[in-house]
Amino acid sequence: DSIQEFRVLTNSFDAEYGNFSGAVVNAITKSGTNQYHGTAFDFLRNQVLDSRGFFDENQVDPLSGQSIPNTARGAFQQNQFGGVFGGPILKNRLFFFVDYQGTRSAIGTSSGTVLMPSADERGGNFSDVSSTGYAPLTGTVRGDNIPADGAMPTVLSQRLGYTVTSGEPYWVSGCNSLANAQAGMCVFPNQIIPQAAFSTAAQGLLKFLPAPTAILPSGSPFYSTTSLKTTNTDNKFAPRIDLVNKLTGNWSFYYHFDNAAVFNPYGGSSFPGLGSDTPSRAQQFNLSNTRIISPSAVNELRINWTRVTYLSGNPTSGLGKVSSFGFQETGLGLLPQAPALEGVPGIHLNQLGTNFGASLPGDTYEDNYHIMDGFSKIIGRHTLKFGGALGFNEWNFRAGGSLNGVFTFNGGETGNDFADFLLGAPDAFHQDNQVLGDMRTKSGSLYAQDSFRMRSDLTLNFGLRWEPGQPWYDT
């Protein structure tokens, strides 16, 4: 309700427009008048007429184990409300106009179909892989037999209480007893990994993996839910002041404030439980002066400052000392890079296509300063316009980085990625700091254009624009 008019330009731009490669949208906000006037609105949408997602299943009662009817459809509540009000401060001279819009939404977010290990596999029993469709334990023990090296043969020998050697198969058909394992036929008879062989990190992280909610036709267990909501709280506020002055021209002051916060129950994980918050704030200040120099000449001056702060992915759970999740800290263990963000490392199970870990933030702060001036003159059938602009842009970011480390499991040890996870045998690990940037750039432009009305049904538009570009530089 605060927009007076807007114009969308998609091609054949005049020379006064630049610094873009797509469309141009010009919006003019309303101003106050000599009469007080206001409106209010409220928009409500909910899930009453929505359908469920194809793969979304009803929730299961943890006590009875029975399906809860009508719970497959995720919640959807969205409410947008606000209003505008404007009028005179000094009649015929000074006016105000203000608008507000609030948004509150809570939307049940579907996890989709997330493959999960079966209940038996969570306990170390992989004898069901022929029915679940997951990979059997066909790998062989990697690493040397030198105890001082602490490779997998030494680690497993210590955990299991019997000798495991390099190159020994984790399982082969016919290996089904402890005696077979002690004889070196295979490491895990019947594809059953004793819990004594679990790594302390796996024991500390299993609690974050949800139990399967259903089974695909192929036999693979999967997890799916719409029970948790992504919430959005957004408040927009914008006052405008207009001053009519015959001597100096008409002045307009506009300020826009937008404060929002989004909660995502998934964070960066495949399933909920390791959520994140993303607060953001956008502000714009615009001062403009329109001066009528003569009946055929007008000058327009605009000064603009825009600031955007976007703090994405702040973790709301999964934080704590990595040692509390079973990881070794310092030495040859993990070296968390930011104590305030220390938490569950990233875990990628690539055969399952599942990943989880405490969310890591990426903070962005942008400031843009611009001053623009344009002079228009009508001479006969020609409408001439000349002008230019100067700009300064700041872009500060603290983004990316795997501050707590990322472990990738491809099944390279046992043949099964989840079995490798239980043993603590990743195929890859990386850890790095955030990318820090304090970028700056300056811009400028000059233009001249003419709109020549050759006859009543034909107008020729032509112009010239000079726009030097400066590369971004880091301070």
Side-chain angles (χ1 to χ4, degrees), residues 116-126 137 141-143 147 149-161 164 170 187-188 192-211 223 267-276 315-352 354-360 401-414 416-432:
M116 284 290 165
S118 67
D120 284 343
E121 290 166 2
R122 286 173 67 102
N125 186 348
F126 288 82
L137 308 188
V141 180
R142 297 185 295 186
D149 290 346
M152 283 305 291
T154 302
V155 171
L156 290 175
S157 296
Q158 292 172 347
R159 294 177 183 174
L160 295 171
V164 175
Y170 278 99
V187 181
F188 300 126
I192 298 175
I193 303 175
Q195 294 191 12
F198 288 11
S199 72
T200 56
Q203 295 175 39
L205 296 180
L206 276 173
K207 61 185 177 184
F208 293 105
L209 286 168
Y223 171 83
S269 301
S270 300
F271 45 79
L274 294 165
S276 65
T316 59
S317 56
L319 296 179
K321 300 291 289 182
V322 293
S323 56
S324 69
F325 302 112
F327 291 89
Q328 179 182 338
E329 193 167 358
T330 71
L332 295 177
L334 292 178
L335 300 172
Q337 302 299 302
L341 299 172
E342 186 173 349
V344 177
I347 305 295
H348 293 179
L349 301 171
N350 284 345
Q351 289 180 345
L352 291 173
T354 301
N355 65 83
F356 65 97
S359 180
L360 291 172
S402 305
L403 302 180
N404 297 316
V406 175
F407 295 87
T408 301
F409 298 87
N410 297 322
E413 182 69 28
T414 65
N416 182 291
D417 62 345
F418 186 69
D420 286 5
F421 167 77
L422 294 178
L423 297 178
D427 289 278
F429 170 79
H430 73 270
Q431 184 176 21
D432 51 74

Checklist entry - If you take all heavy atoms of Ala196 and Arg159, which pair is closest and at what distance? => result O-CB, 3.4 Å

Checklist entry - Side chain of Ser270, backbone of Asn355: donor and acceptor closer than 3.5 Å? => result yes

Checklist entry - Roughly how far, to the nearest 0.5 Å, is CD of Gln351 from CG of Asn416? => result 5.5 Å

Checklist entry - Counting only N and O atoms by type, is there a donor-acceptor contact under 3.5 Å from the side chain of Gln431 to the main-chain atoms of Leu403? => result yes

Checklist entry - Any sub-3.5 Å donor-acceptor pair from Ser323's side-chain atoms to Glu329's backbone N or O? => result no

Checklist entry - side chain to side chain contact (heavy atoms under 4.5 Å, CB included) with Leu423: which of Phe418, Phe409, Tyr170? => result Tyr170

Checklist outcome for this item: Correct closest heavy-atom pair for Gly275 and Ser317 would be N-OG, 3.3 Å

Next on the checklist: Can you tell me which residue among Val155, Val141, Thr154 is in a side chain to side chain contact (heavy atoms under 4.5 Å, CB included) with Val164?
Outcome noted: Val141

Checklist outcome for this item: Nearest heavy-atom approach of Phe188 to Pro194 is CD2-CD, 3.7 Å

Checklist entry - Is there a donor-acceptor contact under 3.5 Å from the side chain of Asp427 to the main chain of Asn410? => result yes

Next on the checklist: I need the Ile193 CD1 to Asp420 CG distance, nearest 0.5 Å.
Outcome noted: 8.0 Å

Item to check | 4.5 Å side-chain heavy-atom contact, Leu209 and Tyr223 | outcome: no

Next on the checklist: Just verifying a value: how many Å separate Thr200 OG1 and Phe325 CZ, rounded to the nearest 0.5 Å?
Outcome noted: 13.0 Å

Checklist entry - Atom CG of Asp432 and atom CD of Gln337: how far apart are they, to the nearest 0.5 Å? => result 8.5 Å

Checklist entry - Taking side chain as C-beta onward, heavy atoms only, is Asn404 less than 4.5 Å from Glu342? => result yes

Next on the checklist: For Phe421 and Phe356, take the angle between the two ring planes, folded into 0 to 90°, and tell me which bin it lands in: parallel under 30, tilted 30 to 60, perpendicular over 60.
Outcome noted: perpendicular

Checklist entry - Can you list the steps and then say if Leu206 with Leu422 is a side chain to side chain contact (heavy atoms under 4.5 Å, CB included)? => result CA-CA 9 Å; Leu206 276 173; Leu422 294 178; 4.2 Å; yes

Checklist entry - How far does CG of Leu349 sit from CZ of Phe407, to the nearest 0.5 angstrom? => result 12.5 Å

Checklist entry - For Ala202 and Ser199, which heavy atoms make the closest approach, and how far apart are they? => result N-OG, 3.0 Å

Checklist outcome for this item: When every non-hydrogen atom of Pro117 is compared with those of Arg122, the smallest separation belongs to CG-CG, 4.1 Å

Item to check | Distance (rounded to the nearest 0.5 Å) between Gln203 CD and Gln195 CD | outcome: 7.5 Å

Item to check | Where Ala419 and Leu137 come nearest, the two heavy atoms and their spacing | outcome: CB-CD2, 3.6 Å

Checklist entry - Would you say Thr414 and Val187 make side-chain contact, with heavy atoms under 4.5 Å? => result no

Item to check | Under 3.5 Å: donor-acceptor pair, side chain of Arg142, backbone of Ala425 | outcome: no

